[in-house]
Amino acid sequence: MENPDDETAPESETTATPEPKGKKRRWRRIAAWSLGLLIGIPVAAFGIAYVLLDVRSPEEVLADLDKTVVLQNTDGSELLKVIPPGGDRLFVPYNAIPAKLRDAIVATEDPTFWDNEGFDLTGLGRALVTGVGGGSGITQQYIKKSTGNEDATLTRKFSELVLATKITQQQTKKEIFESYVNIISFGRGTYGPASAMNAYFGRKLDDSITWSEAAFLAGMIQSPSVHDPYASTHEHAMKRWSYVVNKLVTRGYLGQAEAVAMTYPEDAIQAPSETRAGRVTFEKYHLKQRVLAELEQIGYPLDRLRGGAMKVETTIDPRAQAEAEKVLKERLQGQPEHFRASLVAVEPGTGAIRAYNGGGWSVHDYAGTPYGTGSAFQPFTLAAGIERGVDVDAPMKSPGQVDFLGETFKFQDPCGEGGKCTLREAIARGARGPFVELAKKLGAEAVRDGARAAGIPEAVDGEVTLREKDGFLIGPGIAVGRYPLRPSDMAGAYATFAADGMRATPHLVSKIRDENGEIVWERPSDKAPAFKDDEALSRRIAGTISQVLTTGLKDRPAALKTGDLQYNETDDNAAGWAVGYTPQLATAVWVGSDEPRRMRDAAGEKLTGKTIPGDIWQRFMTGVHQGVPVRWPVPAGTTATARPR
């Protein structure tokens, strides 16, 4: 016998111990069962769901839309009701839908509709990977509207897949399109193409519809509360219209030459008739449109709300809302007819909009329209400087002229002796030169980042903010507040300073309840440190700005910055701002006109932020703070009756 320890002994061959045959068979059975379960369970689930689930007819869906949606104030009292408009749901058979409108809708919403199996595999795959989202073609959109389930979940996507398969097997594509187009909302309380054509163009639906009109109506489907030009602007609606026209060309429905010859149908689009019919005031109409647009963004469009007879709890404080309406009317009484104004008040730390007044003149919402902010933008430049170590009490240049990004700015308002003053002094005296000099030192991107950090949104209705019209470049206009922002944006960003540097997104919707009173959606808090996610830094920046801006109301200290928007190269202004806050409320007031012009009040005095806007701000904040405890001590060296700056 050879010694296995003997180094001279030959190496023995290594042989693996054979695996028992029973064990191999057991593993094969496990693999087979696993594969069977992997395939069988989904197939079985699909089969069961196929039998149990069904899609309601469009007539059943439209019947549910007769339910009223109630919008409530924050105290539970009724703000207003969204009542189904009679006669605005005219069912249109497939053959009566003009071919141009059919093509525009398919090209925009589901270019493969006529050939697909009712669902988008790419979108479903994305939903399986992420757990949410996924593309929705026309068939899937119809299923969502008919079931009332629009939650971005895997369960909903699975049900949607089953029903899309089922309906595609049971109905023709023409029947599916007919059902879909008759229950889809085109905005303005309309359902179906006939009522939409009447609401927007004042005509009945027939083959006289133009490609331009068809493209406009098709563009409304995605988000009607946003794309309606009277909810946003004609400029925004024109971009959506151009998107649809490009889709028509890309999909081969329209020739390039035809598209080039088309024009946006601005003159043919009618203003909403809702306020003219006496259903709501203009002020409530603007508020309702903003609430509905926000509800669409969180997945609760109007038809879903109506289908569930839901109640929406808004953030509006009825006392603050009434005060805003009263003050605007009283202060503008007797002023020239072209004067317009708006007011938005936001609660610091939560972002809850407590008052929203878009004006009582027309369906145009002045609180939701962007305007140049002038020197009311300066606190954001200051915030960017403080973040980078700038001392607000250190002397800096107060030049009469600054060259910045290819533009020369000239000033007649230098401050200090020897051409220097501190930023604290500059903001108190309304001097602009030091802030343009600071913007030049920091760079345009740093100034933009300071505004973004405070809460100015990156985009509004798809349009990038704080940019030139090309959407990319940041020009010299950022140094003097030339880029337009909405009053709601300004109130929300100033609220960050009021909340010790904690930013929260301004919003109007707080909770949604079903018809049984159960909460089906509640807004989560997004309160967070504004600057570099650093609470201490954010508190320091906000505290410094509050001290620099300190001014007063009659019974309490407050921070206020006024601003003027110059009219062309004249000495007059086209608009004025007053934006400021206490720890309890941040309020933005804008006063201007429909078109840029020289603004002179009834006494012939030049409009500035310190005049009518500042007075509206003072009156509103004084009234709404009655009975509210004072939370700020008066900073050293100031008084509670300081004039607005």
Side-chain angles (χ1 to χ4, degrees), residues 342 344 346 369-387 390 392 402 404-405 407 409 411 413 423-424 426-458 460 464-468 474-498 503 530-531 541-542 544-546 548-549 559-567 573-581 586-592 608-610 613-614 617 644-645:
S342 63
V344 181
V346 175
T369 301
Y371 302 100
T373 58
S375 52
F377 189 82
Q378 287 177 354
F380 306 129
T381 306
L382 188 60
I386 298 170
E387 182 181 350
V390 171
V392 299
V402 179
F404 179 50
L405 294 179
E407 185 171 344
F409 296 92
F411 310 104
D413 53 10
L423 290 169
R424 187 188 299 272
I427 212 165
R429 300 186 187 187
R432 296 176 296 156
F435 282 92
V436 178
E437 186 70 27
L438 177 60
K440 181 178 180 179
K441 177 181 177 181
L442 297 173
E445 289 190 1
V447 175
R448 175 212 53 198
D449 292 345
R452 290 265 191 272
I456 297 300
E458 292 189 11
V460 173
V464 179
T465 60
L466 302 178
R467 292 283 200 284
E468 294 294 323
I474 309 175
I478 197 167
V480 290
R482 192 180 296 156
Y483 294 143
L485 296 171
R486 301 175 299 181
S488 54
D489 300 329
M490 293 292 282
Y494 270 62
T496 297
F497 303 136
R503 182 183 63 235
F531 297 92
I541 291 172
T544 303
I545 288 174
S546 295
V548 169
L549 296 182
L560 174 63
K561 183 70 185 79
T562 58
D564 312 324
L565 187 66
Q566 185 180 6
Y567 177 69
N573 294 318
W577 288 81
V579 193
Y581 53 87
T587 299
V589 175
W590 170 88
V591 176
T608 70
K610 295 178 181 180
W617 186 91
R645 293 171 180 163

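Numbers here simply count residues along the sequence, with the first being 1.
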Chemist: Test V392 against I386 for side chain to side chain contact (heavy atoms under 4.5 Å, CB included), laying out the working first.
Modeler: CA-CA 8 Å; V392 299; I386 298 170; 4.1 Å; yes
Chemist: Hey, could you give me the CZ/CZ distance between R429 and R424, rounded to the nearest 0.5 Å?
Modeler: 13.5 Å
Chemist: Is there a side-chain contact between L438 and V390 in this structure, where contact means two heavy atoms from C-beta onward sitting under 4.5 Å apart?
Modeler: yes
Chemist: Please round to the nearest 0.5 Å and tell me the distance separating atom CZ of F409 and atom NZ of K440.
Modeler: 11.0 Å
Chemist: Let me see the working for L423 and F435 under side chain to side chain contact (heavy atoms under 4.5 Å, CB included), right down to the final yes or no.
Modeler: CA-CA 8 Å; L423 290 169; F435 282 92; 4.1 Å; yes
Chemist: Between atom OG1 of T544 and atom CG of L382, what is the distance when rounded to the nearest 0.5 Å?
Modeler: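 Answer for the OG1-CG pair, T544 versus L382, is 8.0 Å.
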Chemist: To the nearest 0.5 Å, what is the distance between OG1 on T381 and NZ on K441?
Modeler: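 If we round to the nearest 0.5 Å, T381:OG1 and K441:NZ are 13.5 Å apart.
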Chemist: Are side-chain heavy atoms of N573 and L565 found at a separation under 4.5 Å?
Modeler: no
Chemist: Could you list the residues that satisfy salt bridge (charged side-chain N to carboxylate O under 4.0 Å, His left out) with D489, not counting sequence neighbours?
Modeler: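 Applying salt bridge (charged side-chain N to carboxylate O under 4.0 Å, His left out) to D489 gives R486.
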Chemist: CD of E445: more than 12 outside heavy atoms within 6.0 angstrom?
Modeler: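 Not buried by this count: 12 neighbours or fewer within 6.0 Å.
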Chemist: Does L466 reach the side chain of F377, with side-chain heavy atoms less than 4.5 Å apart?
Modeler: yes
Chemist: If only atom types and distance count, is the side chain of D564 paired as donor or acceptor with the main-chain N or O of G609 below 3.5 Å?
Modeler: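 Flag set: sc D564 to bb G609 pair under 3.5 Å.
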Chemist: Verify, without hydrogens or angle tests, whether R452 (side chain) and P457 (backbone) share a donor-acceptor contact under 3.5 angstrom.
Modeler: yes
Chemist: Verify side chain to side chain contact (heavy atoms under 4.5 Å, CB included) between V464 and E458, making sure each step is shown before the conclusion.
Modeler: CA-CA 6 Å; V464 179; E458 292 189 11; 6.0 Å; no
Chemist: Test V344 against T587 for side chain to side chain contact (heavy atoms under 4.5 Å, CB included), laying out the working first.
Modeler: CA-CA 6 Å; V344 181; T587 299; over 6 Å; no
Chemist: Shortest non-hydrogen contact from A444 to L405?
Modeler: CB-CD1, 3.9 Å
Chemist: Going by heavy atoms in the side chains, are V579 and K561 under 4.5 Å from each other?
Modeler: no
Chemist: Under 3.5 Å, is there a donor-acceptor pair between the side chain of W577 and the main chain of V591?
Modeler: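 Between the backbone of V591 and the side chain of W577 there is no qualifying donor-acceptor contact (under 3.5 Å).
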Chemist: Please list, chain by chain and in numerical order, all residues satisfying salt bridge (charged side-chain N to carboxylate O under 4.0 Å, His left out) with E468, sequence neighbours excluded.
Modeler: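 Applying salt bridge (charged side-chain N to carboxylate O under 4.0 Å, His left out) to E468 gives none.
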Chemist: What residues, two or more places apart in sequence or in another chain, satisfy ring-ring contact (aromatic ring centres under 6.0 Å, His included) together with Y371?
Modeler: W590
Chemist: Say you draw a straight line from CD1 of I474 to CZ of R467; how long is it, rounded to the nearest 0.5 Å?
Modeler: 4.5 Å
Chemist: Which atom names give the shortest non-hydrogen contact between V346 and A495, and what distance separates them?
Modeler: CG1-CB, 4.1 Å
Chemist: Are the side chain of R432 and the backbone of F411 linked by a donor-acceptor contact shorter than 3.5 Å?
Modeler: no
Chemist: Which atom names give the shortest non-hydrogen contact between G563 and S375, and what distance separates them?
Modeler: CA-OG, 3.3 Å
Chemist: Given the rule in the side chain to side chain donor-acceptor pair (under 3.5 Å) test, do Y581 and S546 qualify, once you have shown the distances and angles that lead to the verdict?
Modeler: CA-CA 9 Å; Y581 53 87; S546 295; 2.8 Å; yes
Chemist: Mind checking the CZ-CD spacing from F531 to E387? Nearest 0.5 Å is all I need.
Modeler: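 It comes to 6.5 Å.
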Chemist: Could you pull out the closest heavy-atom pair between A491 and A586, with the gap in Å?
Modeler: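 Distance-wise, the nearest heavy atoms are O-CB, 3.6 Å.
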Chemist: So do the side chains of P370 and Y483 get within less than 4.5 Å of each other, counting heavy atoms only?
Modeler: no
Chemist: Where do A588 and P487 come nearest, in terms of heavy atoms and distance?
Modeler: CB-O, 3.4 Å
Chemist: What's the shortest heavy-atom distance between A530 and T496, and which atoms?
Modeler: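 Nearest heavy atoms, A530 then T496: CB-CG2, 3.6 Å.
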Chemist: Checking side-chain contact (heavy atoms from CB on, under 4.5 Å) against F380, which of T373, I456, V447, D449 comes through?
Modeler: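 So the option named by the test is I456.
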Chemist: Under 4.5 Å between any side-chain heavy atoms of T562 and T608, yes or no?
Modeler: no
Chemist: Measure the shortest side-chain to side-chain distance between P379 and L549 over non-hydrogen atoms and say whether it is less than 4.5 angstrom.
Modeler: yes
